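Report on one structure; see the data block that follows.
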Amino acid sequence: MSDAPDALIPSDADPLLDGLNPPQREAVEYRGPALLIVAGAGSGKTRVLTHRIASLLRSREAWPSQILAITFTNKAAGEMRERVGELVGEQAAGMWISTFHSACVRILRREAEQFGFTKSFTIYDSGDVRALMKRLVKEHEADAYGLTPAGVQSRISKLKNELHDADSYRRQAQMEDPAERIFVEIFQDYARQLRRANAFDFDDLLAQTVFLFRAFPHVADVYRRRFRHILVDEYQDTNHAQYQLIRELTRPPEGESLDVGQGMLALLPEKKEEPASLTVVGDSDQSIYAFRGADIRNITEFERDFPGAKVVMLEQNYRSSQNILDAANAVIRNNFDRKDKKLWTDQGAGDDVTGFTGYSQHDEAQFVADEIEKLRRGGTSYSDMAVFYRTNSQSRALEEIFIRSAVPYKIMGGTKFYDRAEIKDALAYLVSVANPADDLAVRRILNKPKRGIGAVTETRIAQFAADNDLSFRAALGFAGDMGLGAKQQKVLAELDAVLREATDILLPDGGARPTSVTEGLQKLLNGSGYLDALRASRDPQDEARVENLDELVAVTREFARNNPEGTIVDFLTEVALVADSDDLADDSGVVSLMTLHTAKGLEFDTVFLTGVEEDLIPHRIAAGEPGGPQEERRLFYVGITRARRRLFLSLAMTRAQFGEVSAAMPSRFLQEIPADLIAWRQSPGDVNSRGGTSSRALNAIRPREGGRFGQAPLEPKKARSASLAEFTNRVTGKVRDNGDLELAPGDRIRHDDFGEGTVDAVTGVGAKRIAHVRFEEVGTKKLLIKVAPIVRLTADEG
DNA sequence: GCAAACCGAATTTTT
DNA sequence: TTCGGTTTGC
C-alpha cells in the first residue's frame, strides 16, 4: 500500500545511494567515530560496505591510503576490492583491503627488525605447528602426563588468541601440577623454537602485532595516523587478539613523533588528534567460530566498548523467499540472550521447504542426486545448486552416489592443494633458502627424496648444530665434521650445494629477476633429485604428484606476472595465507559440496542441507559444550539462509560411522521449524512406522499420533512389508569397475539398487560414458557406466 | 635405513 | 573405515 517512499528516487539522486533502502543509506552516509551495522543474512551488507567506502573516497573525506578494510577470507577481500573498484576505479589499488592475517604480515614484515626477527620470517601453518609440536611432546616426554600434540597445540593457540605468551601464562599457572608444568615448558620451548627459526604461527601474526603496537607506541602511531577509516567485516567472528588489534588502531595517536636527527625521537606536547573512525559489520546470529576463539561479545557489547556508537539494523533480505526466511527465523528464535531480529522480504512466500528422510545416507544421497537431475532438466544450472553437510566425512556417501549418477560436482574447501605432501616438500625447499634459520623446513627436506638419511643422522646433525650454535641449514655445510659415514657426507654436501645454487638464483646480491622464483624452484626440484625420484617411481600416485608440482611451477609464473617485483618471501607469504579454496573460481556447471562453515557468505538458488540429524547437527561433541547447541543452531541458521529459492532438508534413519551402522534421530532443530513450512516427500515418521525391526532408538522418535512429522502432506505410497534392514540397503555405496562394458540404446540392464531397465541413450566417451536408463520401478536415471553397479542382461543383437 | 605388515585409535568446524 | 604410528624383517 504505502511502501512508496523508498521505492523510486529521482534521477538527480546520488548514484551511490541509488537502490538502497533507508537503513542501508544511513549506513553508507553516517559519519562518526563508531558505527555498527547489524546485517542480517542476505541484507546486502557487502553492498553497503563497498558503497560506504566509495562514498568516503568520492567526497574526499579520505584518501585511498587512509582506508583499511578487513575481512576474514581472501575471497571476501578480493570480492570487496573488485566491487569497490567498480565504483571508484583505479583508486581502489591504494587501499588496504585484506584479511586480518595479511594486514598483520604486512605490518610485521615492515617492523620485524624492531624485535629480533628478520623481514624474511616464515609463517607456520597448522600442519607445520603440528609437526613441531609432535617433536616437542616427544622430547619433553609429555605423553606420560596425558598431553597430546593436538591438545597442546590447541591450548597454546587459544592462549595466544587471548594474548597470553609463555611467560605471562607461567606466572598464573598451577605449577604444582606436573602436567601443567610440562605444558608450560613446552609452551616456552615452542616459543623459543619459533623465534630461533625466525617464524610466526598464525596466531602470532595477530598477537605479535598487538604486542608490537604496545611495546612501540611510536610504531603504532604510524598506523594510527595512516588509517583514518577502519572497516571490519564479519565482526562477530573476531577473537580477542583481533579485537585488541582494532582497539590499538582506533586509539588516538599518543604523541607527535619527530625525527630530530641521529635516529632520536622527540615527543612533542600532544596536539589533540582524532582517532580513526571505525565501522564494523556483523550478525551475531551468524557467529559460528567460537570454537576457535571468536568472541560473540565483541559485537554484542560494541556499544559499550565504543560509547556513542551508532547502530544501524539491516533486516530486509534480498536473497531468500519468505518461507525460507520464516524457517530461519523460527529456528534462530530459540537462541536465548539474543537481540530480536526478523528477516523479511517483499519477494513473496515462494516454495515450501522440502523434507526427505532416507533409509541410509546413500538413500539420502540418491534423493539429492535425483532432485538435482530433476532441477537440471527443469533449467536450473548445476552451479546454482549446493549441498551442505556438517562434517567432511559426510561428503563421501554423496560423492559415491554423485559419481555413479554422473552428477558433476566439486568439493569446496576439501583437501587443499597446499596441504599435499609434495607441495609442502617443495615449499620447504623454498623456505630453506628464504629463511635458513627455519630448522623445521630443513629437517623436512633432509631425506626427501630418500637419500639414506635416517633418524640417527638427523639427530647427529641436530646435535652438531646445537653444540656449535648453528642452524640446521648452516650445519649442512659441515657434513664432513660430524663423524658421519661417507655416503651420508656425500649426499648432505650435495644437498648443501643445491641449496646454495638456488640461493644464488632466489636471493642474488644485486636484486632478483622477476622469474627468479620459478627458476629457483625448478633448480631445487631438479637439482635435489626430487622430481627424478617421483618419475622413477612405480606408484601411480606419483604421476599425479609430478603434475601437482608442475602446477606449483605454474603458480610461480602466475605470481611473477602479477608481481614483477615479487620476491621469494612475497611468494611464500601469499602461499601461506591464501587457502587455495579461495582462488578456485566458481566453475560453472558443477554442483558445489561443502561444509556448513564453508557455506557462510555464499548463496545459491537451491540448497540441500543434508544430515539434519541429532549428533550431526547439533554435533555430538558440540552438544555437550557450553554454548555449543546455540552455536550449532546458528550454523543451521547460516545453512538455511544461503538458499534463494529452494531449500531441501534431508536426513537418514541410519548412518554408517566406521563400518558400523547405527540409528540416527532427526535433529531437534527440525522440530523448531513450523510443520506447515515443510513438505515432506518422506517424513521421519513415515520411514519409521514401516518395517518390523525398528530399534529402540528408532521407536524413540516415532511421532505421537498426529504428531508433527505424521501430519505432513505425503504422496500416497505403496505399502512395503520389507524390514528396515532391507531398506537400509536399498541404495548402497557399492562401486564396481565396468570399464569396458559396452552399452547401446535398447540394451536391458540390471542395477543392484534400481532393478531392471532399458538403456535409452549413451553419451560421453571413454571413462566418462553415461547411460541414460529407464528403470521399471524408479524412472529414468543417468549412470556413469564405468562405476555403476550394473550388469547387462541382453545385448542388442550381439 | 627402509618397506611392509600390523595394530590401535579416533573420528568438528579452519582464517 | 581410514588414518597414523610402531614394529618387524630384510
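All heavy atoms count here, side chains included; hydrogens, waters and symmetry mates do not. Order of the sequence lines sets the chain letters (A, B, ...), proteins ahead of strands, with each chain counted from 1. Computed from a predicted structure; not experimentally measured.
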*Report which part of the nucleic acid A/S393 touches: base, sugar-phosphate, or nothing (heavy-atom distance under 4.0 Å, all strands).*
nothing
*Mind telling me whether A/H597 and A/Y289 have parallel, tilted or perpendicular rings, with 30° and 60° as the class edges?*
tilted
*Looking at A/F669, does the NZ or CZ of A/R633 lie under 6.0 angstrom from its six-membered ring centre and within 45 degrees of the ring axis?*
no
*asked:* What's A/R620 touching, base or sugar-phosphate or nothing? Going by heavy atoms closer than 4.0 Å.
replied: nothing
*asked:* Between B/dT13 and C/dG4, how many Å separate the two P atoms, rounded to a whole number?
replied: 14 Å
*If you look at every strand shown and take non-hydrogen atoms under 4.0 Å, does A/H619 touch a base, only sugar-phosphate, or nothing?*
sugar-phosphate
*Give a yes/no verdict on base stacking between B/dT14 and A/Y289: centres under 5.5 Å, planes within less than 30° of parallel.*
no
*To the nearest 0.5 Å, what is the distance between CG (A/L609) and CZ (A/R390)?*
11.5 Å
*Output all residues satisfying ring-ring contact (aromatic ring centres under 6.0 Å, His included) with A/F302, sequence neighbours left out; order by chain, then residue number.*
A/Y235, A/F306
*Tell me what A/K487 touches on the nucleic acid: a base, only sugar-phosphate, or nothing, going by heavy atoms under 4.0 Å.*
nothing
*To the nearest Å, how far apart are A/Y389 OH and B/dT13 P?*
10 Å
_What is the distance, to the nearest angstrom, from the CD atom on A/E614 to the P atom on B/dT12?_
17 Å
